[in-house]
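Structure first, then comments.
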Amino acid sequence: MSDIGAARQDLIAALGANAVLDDPLARKLYARDASLVEGGCALVALPSSTQEVVACLKAAADHGLPVVPRGSGTGLAGAATPIGDALVVATTKMNRILEIRPQDRLAWVEPGVINLDLSNALEPHGFTFAPDPSSQQTSTIGGNVNTNAGGPHCLAYGVTSAHVLALDVAMPGAAIERFGSEGPEAAGYDLRGVLVGSEGTLGIVVAACVRLTPLPPGVRTMLLDFESVEDCAATVSDIIARGVVPAALEMMDHGIVVAAENFAHAGYPTDAAAILIVEVDGTASAVTAQAREVELAANANRVRTVRVAIDDAERALIWKGRKSAFGAVAQIAPHYHLHDCVVPRTKLVEVLAGVYAIARRHELIVTNVFHAGDGNLHPLLSFDRSVPGTLERVLRASEEIVRLCVEAGGALSGEHGIGLEKRDFMPLVFTDEDLAAQACVRAAFDPAGMMNPFKVLPDGARCGDFAVASAATDDAAEAAGNLPEGSWI
Amino acid sequence: MDLIHPHSIAEIADVMKAASAAESPVLIVGGRTHIDKGNPSDIQAEVWTSQLDRIIQYDPAEMLIVVEAGMRIGDLNATLAENGQEWPVDAPTDSTVGGVIAAGANSPRRLKVGHVRDTVVEMDLVTGDGRHIRSGARTAKNVTGYDLHRLAVGSLGTLGVIAQVALKLRPLPKARRTLMVPGQMSIGDRLLAEVPGPSAIVATAGGIEVRLEGWPEEIEEQTEATRSVAQGSRSRDDAEFPSVEPWAGSPVIVEAAVPPSRLADLAAVAGNRWGALLGVGLMWVGLEHREGALQDLRSRAEELGGIAPVIRGSGGLGDSEISARTVHRRLKARLDPAGVLAPGRFWGGI
């Protein structure tokens, strides 16, 4: 059984009273992330140092509390939603950039550093941190590492995993280990690669060594608009077929274009069926060459207009519309459920048509804004939760969308992760044997099962005598059993 | 020594079940081109993947290919080149896809193309006790579950048999050029700062090679930038790269890895048969069979925050500490419970 009072006392002794919260408001605030599921927690700790993170893990282990690591809580899959008598360890106060070493093309940062703050700090050195999730003004590097975050520019530059050289991790047993290396190779298995994207289930990142990407000398941002979704999607494939891998290749459908334009006034053509934002970068001549190929591909697919950003201000405006799209949908309805699945790029048209059909059948409004170049869809269902029966329709539609993507040869998530939202869908893409092996990876790091239980793997995934959900407290197990029907949204 | 040639994933699974039951240690063999990498291991049989060499799925528009692990790099490259694409590993044509991945082999173009680990998006792996496990997906991007395949990359066949993989591809560059720049490693920093987007900058004791790949007009622009830093450079279009490999003929080749700014310090103890990937931190060093030279290089690499395993000839991986030894041990015990996959070959005696 967990002893919350004793854990609280140990935490206050180690972190100070101001860094340990257990009042009802704090517990409510930290009871969820940006997903729709609300959980609950017993305590919230806000460590300021590696030693304090270790103290959190020790207090949790000594007194039987599961630990839920948390950054800014912008995750959309419920990975940071605590359940039962959990101790939430939010690393947001650990927000120092420790060192920037341009000669080694690396920087060491604490987990609470905000993604955009890091890129801004790197800019004077001529570098950037390539992953740029839409949440980049808020989300932390620790969160980005734990979700293996993507973003528009991951098409050419790769997702977070390709930009993390090493991680210092506080392990569930309270030891500190370094995974990876400042150099290009490290001794041992690539445990760094497993930690990236592990959704807080293996340990707590206390420092990250990130790879710096040189800023490209030239950039061109183009906005292409089409009279049909099919032409727009076909242009995506044609650009790739021409041997061009743009820095970003983003698609927005009519509904989201209208919402984003009302909000950001980016000059988007609100009568278009769909638009593409294409960004190419490199040397001046590489930019020109790629832009030429993009225009040829677009013309072959009946593009209506090609707008080229003439300066940084116009470029920023085009991106503002894209990056604020998820805020802009508040005009449509008070609640939204943002999906994330990834399909083969050549299946985009067919899957999109399926998504529209599903929404129609369930009488829901769906809009789409997504990383088309990666085949990474983000159907966005807008609804009003207060209308009886609506949430149920959203749930049913969402499940159908997941199945549609899987049937098209896709995966459950391209960048948001599994968390609580999709753990019960894991058997759609993995066998029992696959899931057992994944449970073994988890057990190798956390044999006691204290790190973020109930996340990622479905109940029953076992590794020998280690079962994913069994190690948590009885109370927590009960709480998980009582999750609302369809708690995966 | 038994040589076993399975023809399918199911046959690999049978072979591994039998090996585990008999506690008979085996070595997984691809094209033998990276076979020297690793510590000595007493084995009783070799399992060859050469019969698993089919293309399972290839749609160029997806920029992904699914192949069996025994496919030869030469065959793979030929198929991909017909479609204007490449899997950018630059391994010998006799190497197999599985071997390149298991060895975690590095391309001299790593500055541009990255690590092989970021190109493997899905894997079918047969564990030491014959279980068939799949992880990842055939998509450009994916965060569904734990990436077991990442453990197999560079594992030297000690966690499982890589049977089939989905690989992320790149478009072949439209034009290529190598610029031979006279001078020492010290001008490398200026080249890195001034030349936009090179595929590689390789320093040797005799000079520097800058590799440029891309659109024809782009490499002209990069050539100009290179010449503004270093006059007197000669250019070769479409030549083999690197054109000079001073380390290549040596009986022992070490692949040292240090933070990029420390390559010059390492070169000071590397003799003169070396090549360094500037901006990356890799250095290939050719040595005679002299224990002393290898030990000196290893000590220095470790002082500089790196490692120095041998990739050709004898000498093993070295005794650098691995992190989280218990996590390593547990993973090995779960994926190869009888310990039959090349015992002792990996770092830390695993």
Side-chain angles (χ1 to χ4, degrees), chain A residues 103-105 147-148 150 154 158-159 161-162 177-179 182-185 187-191 193-194 197-198 217 237 240-241 243 245 282-286 289 342-346 374-376 409-415 417-418 426 429-430 433-434 437-438 440-442 444-445 456 463, chain B residues 59-63 84 110 114 117-118 131-135 137-148 150-151 153-155 159 171 174 189 196-197 214-215 217-218 220-222 257-261 279-282 305-307 320-324 327-328 330-331 334-335 347-348:
Chain A
Q103 299 303 319
D104 284 323
R105 299 192 166 202
T147 52
N148 195 9
C154 290
V159 292
S161 183
E177 297 278 0
R178 173 164 299 181
F179 298 95
E182 291 183 351
E185 295 287 338
Y189 297 127
D190 186 14
L191 302 179
V194 174
S198 62
S237 294
I240 302 286
V245 181
T283 65
S285 48
V342 58
V343 297
R345 196 183 279 125
T346 50
D374 286 322
N376 189 183
L412 297 180
S413 174
E415 55 184 17
I418 301 301
M426 290 284 274
V429 290
F430 293 119
E433 199 106 83
D434 299 339
Q438 295 193 26
C440 286
V441 170
R442 187 153 167 175
F445 282 85
V456 183
C463 170
Chain B
D59 178 353
E62 296 294 347
M63 296 241 287
R110 181 162 164 183
R117 68 190 179 206
D118 293 317
R131 285 169 288 146
H132 174 191
I133 290 165
R134 179 177 284 180
S135 63
R138 296 174 190 180
T139 51
K141 213 167 159 188
N142 172 32
V143 290
T144 309
Y146 299 93
D147 285 346
L148 269 141
R150 293 207 168 257
L151 295 173
V153 180
S155 67
L159 284 181
K174 314 274 186 220
D189 284 343
W215 304 86
E217 52 271 55
E218 180 183 12
E220 293 301 337
E221 205 180 341
Q222 293 168 317
V258 294
S261 70
V280 173
L282 282 175
I307 54 173
S320 299
E321 279 297 311
I322 54 173
S323 57
V327 176
H328 273 87
R330 288 182 195 131
L331 283 170
R334 291 298 190 183
L335 293 174
W347 295 95

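It should be emphasised that the depicted structure is a prediction, and the values quoted were computed from it without experimental measurement. Hydrogens, waters and symmetry mates play no part in the numbers below; they use all other heavy atoms, side chains included. Chain letters run A, B, ... following the sequence lines, proteins first, then strands; residues in each count from 1.
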With a 4.5 angstrom heavy-atom cut-off, which part of [X] approaches chain A: side chain, backbone, both or neither?
X      : result
B:P196 : both
B:L148 : side chain
B:I307 : side chain
B:V280 : both

Is there side-chain contact between [X] and [Y], with at least one heavy-atom pair below 4.5 Å?
X      : Y      : answer
B:R134 : A:F430 : no
B:P260 : A:Q103 : no
B:V143 : A:T147 : no
A:V429 : B:T144 : yes

Backbone N or O of [Y] within a donor-acceptor pair of the [X] side chain at under 3.5 Å?
X      : Y      : result
B:H328 : A:Y189 : yes
B:R150 : A:D190 : no
B:E221 : A:S285 : yes

Who among [options] has the most heavy-atom pairs with chain B under 4.5 Å?
options                        : value
A:G414, A:A284, A:C440         : A:G414
A:P344, A:G188, A:G183         : A:G188
A:T346, A:V441, A:V343         : A:T346
A:L191, A:N148, A:I240         : A:L191
A:Q438, A:E182, A:E415, A:M426 : A:Q438

Nearest heavy atoms of [X] and [Y], plus distance in Å:
X      : Y      : answer
A:V245 : B:M63  : CG2-CE, 3.5 Å
A:G150 : B:K141 : CA-CE, 4.3 Å
B:A324 : A:E177 : N-OE1, 2.9 Å
B:R131 : A:E433 : CD-OE2, 3.3 Å
B:G279 : A:R105 : O-CD, 3.8 Å

Query raised in the report: Would you call B:R117 and A:E185 a salt bridge, taking side-chain N to carboxylate O under 4.0 Å as the test?
Result: no
Segment of [X] engaging chain B (4.5 angstrom heavy-atom cut-off):
X      : answer
A:V159 : side chain
A:A162 : both
A:V456 : side chain
A:P217 : side chain
A:S413 : both

Options [options], ranked by heavy-atom pairs under 4.5 Å with chain A, top entry:
options                        : result
B:Q222, B:E217, B:R138, B:E220 : B:E217
B:P60, B:A61, B:S135           : B:A61
B:P259, B:A257, B:P171         : B:P259
B:D147, B:L331, B:D59          : B:L331

Report task. Could you pull out all residues at least two apart from B:A137 that satisfy side chain to side chain contact (heavy atoms under 4.5 Å, CB included)? Result ->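 Once residues adjacent in sequence are excluded, the partners of B:A137 under the side chain to side chain contact (heavy atoms under 4.5 Å, CB included) criterion are A:A411, B:T139, B:N142.
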Roughly how far, to the nearest 0.5 Å, is [atom2] of [Y] from [atom1] of [X]?
X      : Y      : atom1 : atom2 : answer
B:Y146 : A:D434 : OH    : CG    : 14.5 Å
A:R178 : B:S323 : CZ    : OG    : 10.0 Å
B:R330 : A:C463 : CZ    : SG    : 10.5 Å

